[in-house]
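Working notes, beginning with the structure itself.
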Amino acid sequence: MTNPTSPVRVRYAPSPTGIPHIGNIRTALFCWVLAQQTDGQFIVRIEDTDQSRYDSEAEKAIFESLEWLGLGFDEGPGKGGDHGPYVQSQRQPTYIEAAHRLVESGHAYYDDTTPEQLHALRERQRAAKQPPRYDGRGRHRSPEEIEESRKAGLPITVRLKVPDHGSVSFVDSVRGKITFELKELDDFVILKSDEMPTYHLAHILDDAAMGVTHVIRGDEWISSTPRHLLIHQALGIEPPEYVHVPLILGKDKAKLSKRHGATSALEYRELGFLPGAVFNFICLLGWSPGDDTEVMPREEIVRRFSIDRINDSPATFDAEKLEWMNGVYIRNMDEDDLISEMLPFMERPKAEGGLPDSVTRPIDRDYLKRLIPLVHERLKLLTEGSETLDFFFDDNVNPSVEDLPGRKMDEAMTVQALEAALDLCKDASSFEPEHLEVEYRVLAHKIEMKPGQLFSPIRVAITGKTFAPPLFDTMSAIGRERCVERIENALITLRSAVSTPTD
RNA sequence: GGCCUCGUCGUCCAGCGGUUAGGACACAGCCCUUUCAAGGCUGAGACCGGAGUUCGAUUCUCCGCGGGGCUACCA
């Protein structure tokens, strides 16, 4: 299968029963990309035919995910289009009508078997080591019997009559020809007793009505595709092209679900990932351009995407590489944009990953602008601003006695280093980074220490950490007064620890 | 259990009958270096197994094994 050259109509049709996860959103992504590439339409349709599992939060999350990833749609809820409504619960009459039509044409029948009876049937089959399947008993119910049941308030469903022999095949765009024996299928429900259609019926009617050309969906649908083909036949409509994409598995190799930790797109937003990086990374899960290119702006992905390069095998989702890629995207980012993205995270309460609560909000954007160049290439996540930059905002750095001495330094030596550093800090003729570096290197030479030995205690004294941005840029940004204060504090900490040795 | 499907480094992806089996992440070492990153170099690391087909199989076929999916009045 080569790529379509004429415009496609593709849809993302999630059910609002849970927050869409990476695997789910990837199919949306593939749809979107293909629509862009062929100048077609990307349709969003909400499949809410399971009323008991409906979750409005999930529905909100669906649209939020799409928006965050920049997957705008051409038709859908809140957007409109010529084939609406785009919410299945609002299309109910169509489904009921079609189900009745199928009964009249002899392709389907009413069934009054109760859930209890179905359950008992399965129990019996299981006990007899038979595969559980519906036995077609409803085929033999007369209209009168059904009418009686209906009056008695029994649940009535509509089932499709599946031929007991023969086979059905279709050509999947990524897997090739797939064949199923009809005898493996039982008569399945197309209209539930609450008069809502099952997915099988509903999506076919909608896809046909909406002119969908390519059904791009997860691998898990392969097994029910023969059912869908049967419905198409019964309805006399032409099936679309099927593109079943391999599933994305969690670390334990099972289909991705909530229990795999962070798996939804929105969670990655919370963790500080960029939509561009997530977009790029997810596309590469199950697709590749054929060469070794990995970092690609979305325009390039749109240009190079092709169905026939979608992978056959399921991929395991591993966020480690995503983190790396996010770092690449951050490094490629404009400073002002980066600041805008990071600011909201830093302004959150400390408990939610923000700067210490003592730091006044809103945060001084100009000051942050001075700081960002010092850490820009070190960041992998937007959320890292707080922990990386806190000491610029908060004077309470509390260097620990263990951290202050550099490599191969004892307390006395550390004290000596800090005392000398303090004097120079007070006396330095300029606080420009380049100037500071020159002066401190001279100082190191004078007190016969390696530059690193002198710099290390200063760094810890000033930042409270053993690793930080380049020292002299840091000192310069913090300013002379506060640096003096911090070195003095470190000396106090150090001296008190020496005079009262702990065990 | 039945049916469908997948099987290349730990992970993602190349390979589409002949390659020293390639790249990326992660890992290790070295270089750079005031720490941490970034960057550079090097290293370790894979064709699930067995039969065929073929002059030649990672690549094609079959069987086995292993993984996954489905087996609902859920999608």
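Chain identifiers are assigned alphabetically (A, B, ...) following the order of the sequence lines, protein sequences preceding nucleic acid strands; residue numbering begins at 1 within each chain.
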Do A:S193 and B:C73 have a side chain to base donor-acceptor pair shorter than 3.5 Å? yes
Under 3.5 Å, is there any donor-acceptor pair linking the side chain of A:K321 to the base of B:A26? no
Between [options], which nucleotide gets closest to the side-chain atoms of [X]?
X: A:R309; options: B:A26, B:A14, B:U35; result: B:A14
X: A:F180; options: B:C4, B:A75, B:C70; result: B:C4
X: A:K192; options: B:G68, B:U34, B:C74; result: B:C74
X: A:S223; options: B:C70, B:C6, B:A75; result: B:C70
X: A:T198; options: B:C4, B:C74, B:G7; result: B:C74
X: A:R159; options: B:C70, B:G1, B:C73; result: B:C73
X: A:L249; options: B:U35, B:G68, B:A75; result: B:G68

So, does [X] get its side chain near the phosphate of [N], meaning an N or O under 4.0 Å from OP1 or OP2?
X: A:T316; N: B:C12; value: yes
X: A:N311; N: B:G7; value: no
X: A:T49; N: B:A75; value: yes
X: A:R331; N: B:G39; value: yes
X: A:R133; N: B:U71; value: no
X: A:S288; N: B:A14; value: yes

Which whole number of Å gives the distance between the [atom1] atom of [N] and that of [M]?
N: B:G49; M: B:U8; atom1: C1'; answer: 15 Å
N: B:U11; M: B:C27; atom1: C1'; answer: 12 Å
N: B:G18; M: B:C65; atom1: C1'; answer: 29 Å
N: B:U5; M: B:G10; atom1: P; answer: 27 Å

Is atom CZ of A:R126 surrounded by more than 12 heavy atoms (other residues, nucleotides or ligands) closer than 6.0 Å? no
For the NE2 atom on A:H435, are there more than 12 heavy atoms of other groups (residues, nucleotides or ligands in this structure) within a distance under 6.0 Å? yes
Answer with base, sugar-phosphate or nothing: what part of the nucleic acid does A:P115 contact at a heavy-atom distance below 4.0 Å? base
Check: A:F273 ring centre within less than 6.0 Å of A:Y329 ring centre: no
Before accepting this row, confirm whether a basic side-chain N of the pair A:D207/A:R45 lies closer than 4.0 Å to the acidic partner's carboxylate O. yes
Ring-face cation of A:R150 near A:Y110 (centre distance under 6.0 Å, axis angle within 45°): yes
